Asker: 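Pasting a structure below so you can have a look.
Only heavy atoms go into these numbers, but all of them, side chains included; no hydrogens, no water, no symmetry mates. Order of appearance sets the numbers: ligands from 1, and atoms from 1 within every ligand. Computed from a predicted model, the values in this text were never measured in an experiment.
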Amino acid sequence: MEKTFPQCGKHAARGDWLPLLRATGADLAALYARADAVRREHCGNAVPIRAIVEFSNVCANDCLYCGIRASNPVPTRYRMPPDDVVSAARQIAAQGTAGTIVLQGGETPGDGDEIAALLRRIKAEVPGLAITLSVGNRPRDVYARWKDAGMDRYLLRFETSDAALFARLHPACTLAERLQCLRDLRDLGVQTGGGFMIGLPGETVETLADNVLLCREYDFDMIGIGPYVPNPDTPLGDQPNAYAGDPDMFFRAIAVLRLANPDAHIPATTAFDAVFPDGRDLALQRGANVFMPNATPGPLRKNYQLYPGKPCIDEDAADCSRCVQARLRALGRPVAQGPSHSLKRPSTGSIT
Ligand code: 5AD
Ligand code: FES
């Protein structure tokens, strides 16, 4: 059985991953077991917790699948005042489970200085908390300014490796521009996270294999992937997930991603819970090693529904913190201590 798995993800090609992305029955169980073993060997059993604060749902873009796209009138738009973001950061640090705050928001060009000031405040007022930022495509000099202000990591999914599909879904940018941003971030020494959605309408299993290969090629520090969930408030809303009849595909994807990227931080992303009641727990047993609970203030959550069925909308930050601890206890996985920087480039963290 062992010899059916590519020994080193680095040198594998599309054809090596396709049979695994089609595995069923005993082969599928063996794939999951192997991915879990590779995760344990390279990342250990402790789970780094990254608390997400969705600090603004204002977005200038119109991505065809996304619930906070500019032309969707449904969400009430908000920007959290800096004081509220800093107090969310304090609360995260006080709870003591998450070593990282992830500031996620829409893409609003022109807010570079405000975000730099926010990063400086969090570093000064909540020392020891690592900061991940995720606010879309920006010019290299803006990323550089944010790094100087204390940004440790950045998340920017490339969404799909198929350039034509990317162009159809993103009126404002090309795949080449997105990938340039990812190279800029890496060159600046920022721990960089890429990733994609699983099952975009029009993708094939070959696209999925190429998505995994692109992650390998960029050697990302973090890789976030999750099922595409049609959102009826978007133009793509009536197009089902490409794997709607085969939900195992979401877990094959995460298992193969782990085999191809043994030492990447791979979160069990929120969208897994939208597709299966215990989807994030299953992902943690099939290749994922990181958990990212929602730490957005409760009342704002209903306005950050990128897709329907997003969990934790009626909860608050304390609920999710308690929930993640219970879930990890049930899985027998301890909470990792400290910021849990990149396993590939541990020295690049701006805090130790
Ligand atoms: N279904 C699943 N994931 C989505 N995202 C945005 N819209 C959807 C959707 N309808 C994901 C994108 C983005 C991340 C913040 O959320 O991959 O990068
Ligand atoms: Fe939010 Fe379980 S993670 S309630």
Asker: Starting from atom 11 (C) of ligand 1, find the nearest protein heavy-atom neighbour and note its residue, name and distance.
Answerer: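 Protein heavy atom at minimum distance: R157 NH1, 3.8 Å.
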Asker: Name all residues meeting the side chain to side chain donor-acceptor pair (under 3.5 Å) criterion together with Q305; count only those two or more places apart in sequence or in a different chain, and write none if there are none.
Answerer: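 Expected list: none.
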Asker: Got the closest protein heavy atom to atom 1 (N) of ligand 1, with its distance?
Answerer: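 Here the closest protein heavy atom is V229 N, 3.0 Å.
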Asker: For atom 2 (C) of ligand 1, which of the options A271, G226, P227, G237 provides the nearest non-hydrogen atom?
Answerer: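 Nearest heavy atom to atom 2 (C) of ligand 1 lies in P227.
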Asker: Specify the protein heavy atom at minimum distance from atom 7 (N) of ligand 1: its residue, its atom name, and the distance to 0.1 Å.
Answerer: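 Among all protein heavy atoms, the one nearest atom 7 (N) of ligand 1 is Y65 CD1, 3.3 Å.
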Asker: Within the 3.5 Å criterion, strictly below it, is a donor on Q95 or T97 matched to an acceptor on the partner's side chain?
Answerer: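 Not at all, the side chains of Q95 and T97 share no donor-acceptor pair under 3.5 Å.
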Asker: How long is the straight-line distance from CG of L155 back to CG of D221, given to the nearest 0.5 Å?
Answerer: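 CG of L155 is found 10.5 Å from CG of D221.
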Asker: Of the protein's non-hydrogen atoms, which lies at the shortest distance from atom 3 (N) of ligand 1, and what is that distance?
Answerer: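 It is M197 SD, 3.4 Å.
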Asker: Please state whether the rings of F251 and F276 are parallel, tilted or perpendicular, taking 30° and 60° as the class boundaries.
Answerer: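 Answer is tilted, since the angle falls between 30° and 60°.
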Asker: So which heavy atom in the protein is nearest atom 16 (O) of ligand 1, and how far is it from that ligand atom?
Answerer: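 Ranked first by proximity to atom 16 (O) of ligand 1 is L306 CD1, 3.4 Å.
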Asker: Which ligand 1 atoms does Y228 reach within 4.0 Å, using its non-hydrogen atoms?
Answerer: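 Counting from 1, the qualifying ligand atoms are 1 (N), 2 (C), 10 (N).
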Asker: Between Y154 (side chain only) and V135 (backbone N and O only), is there a donor and an acceptor less than 3.5 Å apart?
Answerer: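 Such a contact is found between Y154 side chain and V135 backbone.
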Asker: Report the part of S134 in contact with ligand 1, treating N, CA, C, O as backbone and CB onward as side chain, heavy atoms under 4.0 Å; options are side chain, backbone, both, neither.
Answerer: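 For S134, no heavy atom sits under 4.0 Å from ligand 1.
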Asker: Answer yes or no: is there a side-chain heavy-atom contact under 4.5 Å between L300 and F55?
Answerer: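 A side-chain contact under 4.5 Å is absent here.
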Asker: Tell me: protein heavy atom nearest atom 13 (C) of ligand 1, and distance?
Answerer: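 Residue, atom and distance for the closest contact: E159 OE2, 3.4 Å.
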Asker: Out of curiosity, D210 CG to E203 CD, how far, rounded to the nearest 0.5 Å?
Answerer: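 With rounding to 0.5 Å, CG (D210) is 10.5 Å from CD (E203).
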